[in-house]
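Here the structure is laid out as structure tokens; the discussion comes afterwards.
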Amino acid sequence: MKILVAVKRVVDHTVRIRVRPDGSGVDTDNARFSINPFCKHAVEAAVQLAEHGHADEVVAVTIGPAKANDVLLVALAMGADRGIHLVTEARTEPLAVAKLLKAVVEEEKPDLVLLGKQAVDDDANQTGQMLAGLLDWPQATFASGIEVDHNGLKITREVDYGRATYALKTPAIVTADLRLNEPRNTALPQVMKAKKKPVDTRPAADLGIDIAPRLTVEKVSPPPERTGGQAVGSVAELVDIIAETATAGERT
Ligand code: AMP
């Protein structure tokens with residue numbers, strides 16, 4: 001099996017985001033970026049499938065600015081064999097990413113495309129689903145388990161009523177949830193080795209695909225500031241405060 005795994009560069013999830021004063025978006029100028037956490041689970045799943053003899057090649061792909069090669073390096077250090085970097089400095093919406101990934105799929109012909117279930121910057125949770133739609137391939141989203149058998153894939157999903165297992169024929173799209181695995185940490189030797197792995201870097205524009213945004217961001221605003229806590233003397237006082245707050249809420 002050949003696996004393509006899509007990795008996105010996002011503002012590091014531990015960084016406190018600042019909204020631009022004009023409300024046009026978030027200020028990423030001096031922010032620290034890293035690989036999207038769910039993409040790390042997707043890479044780990046791909047590498048584990050290779051280690052267990054189910055895959056003979058893992059190709060990591062990213063779409064983004066020149067600096068996004070750092071997330072490819074993470075995927076390569078974790079064990080991916082080679083990388084593809086479609087360079088664009090433009091804002092790419094999930095549909096644009098899905099269209100570009102479709103073109104990569106047509107070139108690479110993988111049996112499985114693994115993605116994160118969502119990118120933590122825009123929380124879109126759309127790219128895998130759109131890619132499955134564009135390719136007309138079966139998909140399983142939010143996977144918390146992946147097994148390979150003679151019929152294809154067995155995917156486990158955690159759902160409200162427990163766990164559901166689905167059988168998927170390949171080629172297929174699978175998006176990774178947090179509980180899928182524990183992504184490995186990489187040390188300097190793996191990073192040094194990763195730097196020697198091949199990366200095919202080319203402008204996304206070379207694919208001749210319309211990636212113009214379809215959405216207009218009207219306004220971005222920060223969450224309301226938290227008001228300070230208040231110490232209460234008794235449970236009865238707490239109940240009174242809750243009742244008052246609820247009544248005030250009903251009035252507004
Ligand atoms: P989203 O639909 O934006 O929440 O992203 C879901 C998943 O799609 C991510 O976890 C990645 O696996 C993939 N993805 C989204 N954007 C990109 C990108 N620019 N480059 C590579 N993969 C991406």
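Whatever order the structure lists them in is the order used to number ligands and atoms, beginning at 1. Numbering starts at 1 and runs along the sequence shown.
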For K102, enumerate each residue passing the side chain to side chain donor-acceptor pair (under 3.5 Å) test, keeping only those at least two apart in sequence or located in another chain. E106

Which residues pass the side chain to side chain donor-acceptor pair (under 3.5 Å) test with N30, not counting sequence neighbours? none

Please confirm whether the backbone N or O of L180 pairs with a side-chain atom of H41, one donor and one acceptor, at under 3.5 Å? no

If the condition is side chain to side chain donor-acceptor pair (under 3.5 Å), which residues does D22 pass it with, not counting sequence neighbours? S24

Considering only heavy atoms, which protein residues lie less than 4.0 Å from any atom of ligand 1? A6, V7, K8, N36, C39, V61, T62, I63, V97, L115, G116, Q118, A119, A124, N125, Q126, T127

Partner of K8 under side-chain hydrogen bond (donor to acceptor under 3.5 Å, both in side chains), chosen from T62, D121, T127, N36: D121

Taking it one step at a time, do E182 and K40 satisfy salt bridge (Lys or Arg N to Asp or Glu O under 4.0 Å)? CA-CA 9 Å; E182 189 65 47; K40 263 187 127 173; over 6 Å; no

